[in-house]
Amino acid sequence: MPRMAVAIVWFRSDLRLHDNPALSDAIKTGAPIIPMFIHSPDEEAEAAPGAASRWWLANSLRALDVALRKLGGGLVIRRGRAADAIAALIRETGATAVYWNRRYEPAIIARDGRIKAQLQQRGISAESHNGSLLFEPWEISTQDGRPYRVYTPFSKACFAREPHLRPLLPAPKKIPWPAAWPKSLEIDDLQLEPRIDWAAGFRDTWSPGEAGAAATLRRFESAVVADYSTSRDIPGVVGTSRLSPHLHFGEISPLMVWREVSTCAPKDSTRIAHSDGGSTFRNELLWREFAHHLLYHFPRTVAEPLDARFATFPRKHDARGLKAWQSGQTGFPIVDAGMRELWHTGWMHNRVRMVAASLLVKHLLIPWQAGAAWFWDTLVDADLANNTLGWQWIAGCGADAAPFFRIFNPTLQGEKFDPDGLYVRRWVPELAELPVRYIHNPSSAPEDVVRSAGVLLGKTYPAPIVDHAAARSAALAAYEHVKRAAP
Ligand SMILES: Cc1cc2nc3c(=O)[nH]c(=O)nc-3n(C[C@H](O)[C@H](O)[C@H](O)COP(=O)(O)OP(=O)(O)OC[C@H]3O[C@@H](n4cnc5c(N)ncnc54)[C@H](O)[C@@H]3O)c2cc1C
């Protein structure tokens, strides 16, 4: 009997075996499978992973490789231009088909389109699937067929399409493998991890890989989702899922999360609270969908404001301010706590992301793109769609964005969302001994209180780098330019 030609499954942002449409479809053909990963940052433009994401990627690839080895196979690792790497693997193995799950970053869409066309021209079957979103960006549109720019009607349209969601796909129990394996680089050869090891805090915090993602979802379901509607805004407690890096790298699919949270209604009296938390949570997952919808339909927003009037906004190039913000030395405790949590763990709580981002773009008037670039390099969940939406939302220039004139007071935000100062005490230990009354505003404390807490303002902890009231007025004056610009 002639041997069946092999099929390549090209893993990208779908580093899992469960609910993986490309893998399932390839296995269905009965062809021997070669799982492949290609590291090609040079052609990924703004989607090329930053330092924190590279750490995650290395560990996630290891986990996927182990999972494939348990089934008797493994992950073939290559690097360089994806088209070249795929062509080489086809030459070496005689593969006649390539399967992958789609990504939505502009440079990746363009590259993948070229690869698909080249493969098809050569008579190689090229099949792409949706493995990363609940709905394709083109499946949801307004009544007149246009993309949405406002979240609420977008989310309603998603809920209306819920019955069309496909069934979940089980992880394969067996995968047919080729008789001979092509050569592969080691994951270490990709040099994804830092040469000077700064990742200890990451290792203490995260378990990259499919098993880590499943455990994170289980923890969320059993301990967090019931209170999610209220706890999600309190950075001092574990009140959110912390699934974002797992979702970004596709170690779990949004459909798995959506289905799991939809069916986890408890049998007892906590039902109402639980389902309420679940529905708030599903709305957050739809913000992720909305972000991808916007990135797909408005790819220029990676670098430019969606609201073109904001191109006239007078911005500052303030290297000192940027450095103070990056290093958690702004003198606003809630912001500094967030920036240090980010540096130490590669993640920051959503409420604090909003307050920290707002300080950068509204108080310091630094371009949102500079903040987005820092987040890109330091977040383990750095995601082009979510990061772009998050920054443009805060800067007031994105879809359905926060109005620019609503300017967070970072001190009041701290007092409201970190009322006991738990979060600040954890991440800004030099303030830990301050009484709760002053923890979010150390410079308002009487001198003897500051001294007995061991704080030397201006030495062990900085005074605020800007005065809130003056910065607010300056921001509103700058906003006048936008109001005058033609729509
Ligand atoms: C300035 C700024 C930058 C951001 N950059 C990123 C980024 O690079 N990557 C990223 O994944 N998220 C980003 N976010 C969104 C949000 O802060 C994170 O998704 C969230 O904090 C992740 O924690 P979690 O998984 O515990 O969230 P949960 O509250 O448990 O939410 C579940 C999931 O829903 C999605 N989600 C939640 N909130 C949002 C949101 N506002 N926008 C889009 N998706 C959302 C995420 O996938 C998240 O994992 C950013 C927000 C801001 C304000």
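Every number for a ligand or one of its atoms is a count from 1 in the order of the listing.
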Visitor: Which of the listed options, Arg353, His248, Arg351, holds the heavy atom that is closest to atom 50 (C) of ligand 1?
Guide: Arg353
Visitor: Check for me whether the distance between the ring centres of Phe37 and Phe11 falls short of 6.0 Å.
Guide: no
Visitor: Got the closest protein heavy atom to atom 12 (N) of ligand 1, with its distance?
Guide: Asn386 CB, 3.4 Å
Visitor: Just say parallel, tilted or perpendicular for the rings of Trp56 and Phe249, cut-offs at 30° and 60°.
Guide: parallel
Visitor: Which is closest to atom 38 (N) of ligand 1 by heavy-atom distance: Glu284, Glu289, His292?
Guide: Glu284
Visitor: Report yes if the distance between the aromatic ring centroids of Phe417 and Tyr423 is under 6.0 Å, otherwise no.
Guide: no
Visitor: Determine the interplanar angle of the Phe404 and Phe313 rings, folded into 0 to 90°, and report it as parallel if under 30°, tilted if 30 to 60°, perpendicular if over 60°.
Guide: tilted
Visitor: Would His293 and Phe154 count as a close aromatic pair, with their ring centres under 6.0 Å?
Guide: yes
Visitor: Parallel, tilted or perpendicular: which one describes the rings of Trp138 and Tyr104, with boundaries at 30° and 60°?
Guide: tilted
Visitor: Examine the proximity of ligand 1 to Ala291 and report which part, side chain or backbone, both or neither, has a heavy atom under 4.0 Å away.
Guide: neither
Visitor: Output the list of atoms in ligand 1 that are nearer than 4.0 Å to some heavy atom of Trp391, sorted by atom number.
Guide: 1 (C), 3 (C)
Visitor: Kindly identify the option in Ala402, Ala356, Gly50, Ser241 whose heavy atom sits closest to atom 27 (O) of ligand 1.
Guide: Ser241
Visitor: With atom 8 (O) of ligand 1 as the reference point, say which of Asp383, Val224, Val261, Asp233 has the nearest heavy atom.
Guide: Asp383
Visitor: Polar contacts were defined as any N/O atom of the residue lying under 3.5 Å from an N/O atom of the ligand; does this apply to Asp381 and ligand 1?
Guide: yes
Visitor: Among residues two or more places apart or on two chains, list those pairs meeting salt bridge (charged side-chain N to carboxylate O under 4.0 Å, His left out) that have a residue in residues 352-377.
Guide: Arg353-Asp381
Visitor: Determine, for Arg111 against Glu43, whether the closest basic-nitrogen to carboxylate-oxygen distance falls under 4.0 angstrom.
Guide: yes
Visitor: Which atoms of ligand 1 sit under 4.0 Å from any heavy atom of Ala382?
Guide: 8 (O)
Visitor: For Ile108, does its backbone N or O pair with a side-chain atom of Glu44 as donor and acceptor, under 3.5 Å?
Guide: no
Visitor: List every atom of ligand 1 that sits less than 4.0 Å from any heavy atom of Phe281, numbering the atoms from 1 in the order shown and giving each element.
Guide: 30 (O), 31 (O), 32 (C)
Visitor: Run down the list Thr388, Val225, Asn387 and name the one with the heavy atom closest to atom 3 (C) of ligand 1.
Guide: Asn387
Visitor: Any idea which part of Tyr228 is under 4.0 Å from ligand 1, heavy-atom wise: side chain, backbone, both or neither?
Guide: side chain
Visitor: Under 4.0 Å from any heavy atom of Gly390, which atoms of ligand 1 are there?
Guide: 1 (C), 2 (C), 52 (C)
Visitor: From the options Leu285, Asn350, Ile394, select the one whose nearest heavy atom is closest to atom 17 (O) of ligand 1.
Guide: Asn350
Visitor: Identify, by atom number and element, the atoms of ligand 1 in contact range of Leu247, meaning under 4.0 Å from any of its heavy atoms.
Guide: 47 (O), 49 (O)
Visitor: So, 4.0 Å and heavy atoms of Met354: is ligand 1 close enough to count as a contact?
Guide: yes
Visitor: The criterion is ring-ring contact (aromatic ring centres under 6.0 Å, His included); which residues satisfy it with His363, sequence neighbours excluded?
Guide: His468
Visitor: Which ligand 1 atoms are under 4.0 Å away from a heavy-atom of Ser244?
Guide: 11 (O), 22 (C), 23 (O), 25 (O), 49 (O)
Visitor: Give the numbers and elements of all ligand 1 atoms closer than 4.0 Å to a heavy atom of Leu243.
Guide: 25 (O), 49 (O)
Visitor: Taking atom 42 (N) of ligand 1 as the point of reference, which of Phe220, Trp347, Tyr151, Trp287 owns the nearest heavy atom?
Guide: Trp287
Visitor: Measure Phe375 to ligand 1 on non-hydrogen atoms and call it side chain, backbone, both or neither using the 4.0 Å cut-off.
Guide: side chain
Visitor: Aromatic ring centroids of Trp368 and Trp391 under 6.0 Å?
Guide: no
Visitor: Return the orientation label for the Phe220 and Phe281 ring planes: parallel under 30°, perpendicular over 60°, tilted otherwise.
Guide: tilted
Visitor: Looking only at protein heavy atoms, identify the closest one to atom 24 (P) of ligand 1 and say how far it is in Å.
Guide: Arg242 N, 3.5 Å
Visitor: Taking the six-membered ring for Trp and the single ring otherwise, decide whether the centroids of Trp198 and His344 are under 6.0 Å apart.
Guide: no
